[in-house]
Structure formats: C-alpha cells, structure tokens
Amino acid sequence: MSFWQFLFVRSSLFYLLYTTLTGSAFYLWPALVGYFKTTHVHAGLVGFFLSMVMGVAYWMMPRPGQIRQERLEGLTYGLLNAGLLLRLVLEPLMLYTGNLGLRPALALSGLLQAGAVAVFAYAMSQRVFTKERLLQMAEERKRRQQSPP
C-alpha cells in the first residue's frame, strides 16, 4: 500500500467519525441540522465512501506492467480533500452568517472534487483492459525480456 493509498483510507475514517459526530450532535442540538445537514451527508458520501473506494481501488485494481501512478494518486487525494474540506468549513459558515459572498469558494470546492473524480477516472482507465489485451501485453513483455539488448 502506497503512502497516498494509506492516506485515502485513513482520511475516509476521519470523515466517518465526522459524519457520526455531526449526526449525533443533531439529536443534542437540533438547531445545528439546518447548518450542517448537507455537509454531514457530503462527508459521509464523498469523504468516507468515495475516499475509501478510491483508496482501495488504487491499491487493489490490477496494474498492467506494474505501472506506478503515485502522482495521479497524490493529485486525486489533494483535489478531493481540498474541495471537501473547503465545503465542510465554508458551507455551514455561509448558512450561519448568510454571507452569499462565499458561494464562489463553494463552487471552487465542487470543481476541485470534480477534478479529483476526473483524475481518478483517467488513472483507472489506464488499468482496465480486456483479458485478450492483458495476454497480449504479457506476451510483449515476455518477448522484450527474451530479446538481447
């Protein structure tokens, strides 16, 4: 497991804790629901679920030719978490203060997360091949290893 894969999984557990705590806080302080409901759901779906899926996919999905994608992993992690943390802080603040001037920053948070999904989709597309293509790649690798330099 690479450093980024480790961070994806560990961060997803942080977001699970955040989701659990905010959900519990709603029963203690019902007035918080209006400010934190959407970030509570977003932290659960994007923060916990999507981070876990991305981390495990980067870790477990086959890597033809043993390709390494650490830059793509790091970029995905950085974009996803920057966007998510920006949303988790700014959205409740905007709802509480009524400061609609925070909307462009919230739009940026969405774009950062969308960028993470795009990078992840590209990285995974480099790993997904048909059985025939994988056999062809193995045969090509075998030929390269057998031919003299």
Side-chain angles (χ1 to χ4, degrees), residues 1-138 140-141:
M1 178 176 275
S2 78
F3 174 72
W4 297 111
Q5 296 158 7
F6 167 82
L7 280 182
F8 268 112
V9 173
R10 283 294 173 101
S11 296
S12 75
L13 298 174
F14 165 79
Y15 294 120
L16 178 63
L17 180 62
Y18 172 91
T19 302
T20 302
L21 292 175
T22 55
S24 298
F26 293 161
Y27 290 104
L28 299 172
W29 301 285
L32 293 178
V33 173
Y35 304 118
F36 286 92
K37 184 179 181 180
T38 56
T39 57
H40 165 76
V41 172
H42 207 72
L45 293 176
V46 175
F48 170 66
F49 184 71
L50 188 58
S51 290
M52 182 66 77
V53 166
M54 287 178 165
V56 171
Y58 272 126
W59 178 33
M60 301 294 288
M61 291 283 291
R63 294 174 301 191
Q66 300 304 309
I67 62 171
R68 295 282 177 226
Q69 295 178 307
E70 290 186 27
R71 283 187 175 163
L72 294 176
E73 291 174 16
L75 183 58
T76 304
Y77 180 84
L79 290 171
L80 186 72
N81 283 280
L84 184 56
L85 290 171
L86 196 59
R87 180 172 185 162
L88 294 182
V89 170
L90 293 182
E91 188 166 25
L93 182 63
M94 183 185 78
L95 293 172
Y96 179 73
T97 64
N99 181 358
L100 297 180
L102 296 173
R103 291 179 87 181
L106 282 168
L108 174 63
S109 78
L111 291 172
L112 290 168
Q113 292 172 74
V117 170
V119 172
F120 177 75
Y122 170 76
M124 289 299 111
S125 73
Q126 301 303 300
R127 295 174 179 228
V128 179
F129 296 98
T130 63
K131 177 182 173 183
E132 292 77 19
R133 178 66 180 127
L134 288 172
L135 291 171
Q136 181 185 21
M137 290 168 69
E140 290 169 2
R141 189 171 44 250

| field | Taking every non-hydrogen atom, the tightest pair across L45 and F49 | value | O-CB, 3.2 Å
| request: Quick one: pull up OG1 in T97 and OH in Y35 and give me the separation to the nearest 0.5 Å. | output: 9.5 Å
| said: As an exercise, state the distance from OG1 of T76 to CE of M124, rounded to the nearest 0.5 Å. | reply: 8.0 Å
| request: With the side chain counted from C-beta on, respond yes when L72 and F120 share a heavy-atom pair under 4.5 Å apart, and no when they do not. | output: no
| request: Supply the atom-to-atom distance F48 CZ to H42 NE2, rounded to the nearest 0.5 angstrom. | output: 15.5 Å
| request: Step through the shown structure and confirm whether more than 12 heavy atoms of other residues, nucleotides or ligands are within 6.0 Å of CZ on F26. | output: yes
| query | Does the side chain of F36 come within less than 4.5 Å of L95's, by heavy atoms? | reply | no
| query | How many angstroms lie between atom OG1 of T19 and atom CZ of F14, to the nearest 0.5 angstrom? | reply | 9.5 Å
| message | For W4, is there any backbone N or O sitting under 3.5 Å from a side-chain donor or acceptor partner on E73? | response | no
| field | Intermediate values then yes/no, side chain to side chain contact (heavy atoms under 4.5 Å, CB included), L13 and M52 | value | CA-CA 8 Å; L13 298 174; M52 182 66 77; 4.2 Å; yes
| request: I would like to know whether S51 and Y77 meet side-chain hydrogen bond (donor to acceptor under 3.5 Å, both in side chains); could you show each step before the answer? | output: CA-CA 8 Å; S51 290; Y77 180 84; over 6 Å; no
| query | Does the gap between the ring centers of H40 and Y18 come in under 6.0 Å? | reply | no
| request: Please confirm whether the backbone N or O of Y58 pairs with a side-chain atom of Q5, one donor and one acceptor, at under 3.5 Å? | output: yes
| Going from CG on L112 to CG on L84, what distance comes out if it is rounded to the nearest 0.5 angstrom? | 10.5 Å
| task | For A25 and L32, work out which heavy atoms get closest and say how close. | result | CB-CD1, 4.2 Å
| message | To check you understand the geometry: which heavy-atom pair defines the closest contact between L80 and A116, and what is its length? | response | N-CB, 3.4 Å
| Would you call R87 and T38 a side-chain contact if the rule is heavy atoms closer than 4.5 Å? | yes
| said: For a quick test of reading the model, state the closest non-hydrogen atom pair linking F8 to G55 and the distance between them. | reply: CB-CA, 3.4 Å
| request: Locate the shortest heavy-atom distance separating G115 from L79; write the atom from each residue and the value. | output: C-CD1, 3.8 Å
| task | For S24 and L21, indicate whether the former's side chain and the latter's backbone hold a donor-acceptor pair under 3.5 Å. | result | no
| task | Could you pull out the closest heavy-atom pair between P92 and T39, with the gap in Å? | result | CD-CG2, 3.7 Å
| Separation of L75 CG from Q69 CD (nearest 0.5 Å) | 11.5 Å
